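Contents: one structure, followed by commentary.
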Amino acid sequence: MKRIQGLHHITAVAKDPQINVDFYRQVLGQRLVKTTVNFDDPGTYHFYYGDEVGTPGTIMTFFPWRHVGKGRVGNGETAAVAYGVRPEAIGFWRDYLARQGVTAVLTTTRFGADVLTFTDPDGMQLELVASTAPAAFRFWEQGPIPESHTLLGFHGVTLWLDEVEATAQLLTAQLGYQFVGQENGRYRYQAADDSMGVYVDILQRPGGEDGRFGAGSIHHIALRTVDDSEQLDYLRHLQQAGYRVTPVQDRQYFHSIYFRSPGGVLFEIATDAPGFAIDEPIAELGDRLQLPAWFAAQRQQIEAALPSFVRKPIVKAEVVHE
Ligand code: ZN
């Protein structure tokens, strides 16, 4: 069994679909690569944002639930999502976000890297981490951000937990992560690769308040596996280690298994294939509502129940030269 290669996607909860699309597409410059519904609740959208084609490791997804209350970040969940950017892009992002009305704080260096911290419109914690690691992604030419400054895919995630050991054991003994180091109560684990999306940090917060699920909460994090047979190996391996793992679910664009970490964080292991071009051409990704075959007969009712939103014209970001 190969070691986990890194993050595949991250799924979170938003409140308003229009505000969510405006922020991730126009402000962060991520392409809306798939517009579909929550397969477990087809009255809700499922938005997928990523690079031009939705490369695993770039995919941020949301369920916009209009009637959900505001979440509160706390222990027992994934608390922050970090994207990588080139070190020379950090200054651009701080100024650009300010011009978009988003206050970003340049935090002290973390494992030697600059980190820009801010929140999305629902209060989800986002970070841009300066990184020189190789990044395998397809740049979205039509997006608002110039290629030199674009997000490079995920850098990693931060889990907030009471205690580190049990989840560290899951990462290292079951999933092939390696302990990298510890700094100010932050324990870092790295997946097989040395590229983007390879870090899981655990921030130890003994006795810290638990998170409250709602808008701005991260629902689960999905790790990458190469194919179906390796996914089945992981399923068996995790079951043998005492984890309660779901059977394989067909998520149309990938196949998934789910389990909870000892600290309560929901994990998924997802396959790279078949990807987002399975039901529409790359040039049109995300432009129309896509439904899997099992919902096709209900398309009219599903469309009628979903709120409308628009994809606003892209405004190219100005790069102010210092
Ligand atoms: Zn998922």
Side-chain angles (χ1 to χ4, degrees), residues 4-14 17 20 24 30-42 44-51 53-65 68 71 76-83 120 122 124 126 153-154 156-159 170-171 175 191 196-198 200 211 213-228 230-232 234-235 238 243-261 264-276 278-279 285-286 290-292 294-295:
I4 288 287
Q5 300 163 277
L7 291 162
H8 181 282
H9 67 269
I10 298 167
T11 294
V13 178
N20 186 253
Y24 282 89
Q30 300 297 283
R31 186 178 184 193
L32 177 61
V33 289
K34 193 62 65 182
T35 307
T36 184
V37 294
N38 180 340
F39 293 170
D40 301 319
D41 168 22
T44 303
Y45 281 117
H46 195 180
F47 293 147
Y48 289 80
Y49 304 94
D51 68 355
V53 295
T55 302
T58 72
I59 309 160
M60 184 75 220
T61 98
F62 286 92
F63 302 129
W65 277 321
V68 76
E77 59 178 29
T78 303
V81 172
Y83 284 96
D120 83 355
D122 289 299
M124 192 182 98
L126 284 164
F154 296 128
V157 287
T158 300
L159 318 181
L170 165 67
L171 291 170
L175 302 172
M196 288 293 148
V198 296
V200 174
F213 191 72
S217 295
I218 295 162
H219 187 266
H220 64 267
I221 56 173
L223 310 176
R224 284 177 77 172
T225 189
V226 181
D227 56 26
D228 293 317
E230 196 178 271
Q231 184 178 53
L232 286 175
Y234 268 111
L235 193 158
L238 286 160
Y243 287 90
R244 289 178 55 181
V245 189
T246 68
V248 176
Q249 319 269 307
D250 180 2
R251 295 311 192 188
Q252 181 80 351
Y253 311 107
F254 42 84
H255 305 143
S256 302
I257 58 174
Y258 303 85
F259 59 98
R260 255 180 220 286
S261 77
V265 178
L266 187 58
F267 277 75
E268 172 182 344
I269 294 178
T271 54
D272 281 3
F276 294 98
I278 189 180
D279 55 4
L285 286 179
Q290 296 296 333
L291 298 174
W294 61 90
F295 285 141

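Ligands are counted one by one from 1 in listed order, and the atoms in each one are counted from 1 as well. Sequential numbering from 1 along the given sequence is applied to the chain's residues. Just so we're clear, the structure is a prediction, and the values are computed from it rather than from any experiment.
- A heavy-atom distance below 4.5 Å is not found between the side chains of Phe267 and Tyr258.
- When each of Thr225, Asp250, Ile269 is tested with His255 by the rule side chain to side chain contact (heavy atoms under 4.5 Å, CB included), just one qualifies, namely Asp250.
- At a threshold of 4.0 Å, the pair Arg224-Asp272 counts as salt-bridged, since one of the basic side-chain nitrogens sits closer than that to a carboxylate oxygen.
- Tally of protein N, O or S atoms closer to the Zn ion (ligand 1) than 2.8 Å: 3.
- Of the listed residues (Asp227, Asp228, Val248), just one forms a side chain to side chain contact (heavy atoms under 4.5 Å, CB included) with Thr271, and that residue is Asp228.
- Distance alone, capped at 3.5 Å, is enough to place a donor-acceptor pair between the Tyr234 side chain and the Ile4 backbone.
- Partner of Tyr49 under the side chain to side chain contact (heavy atoms under 4.5 Å, CB included) criterion, out of Thr61, Val33, Ile59, Asn20: Asn20 alone.
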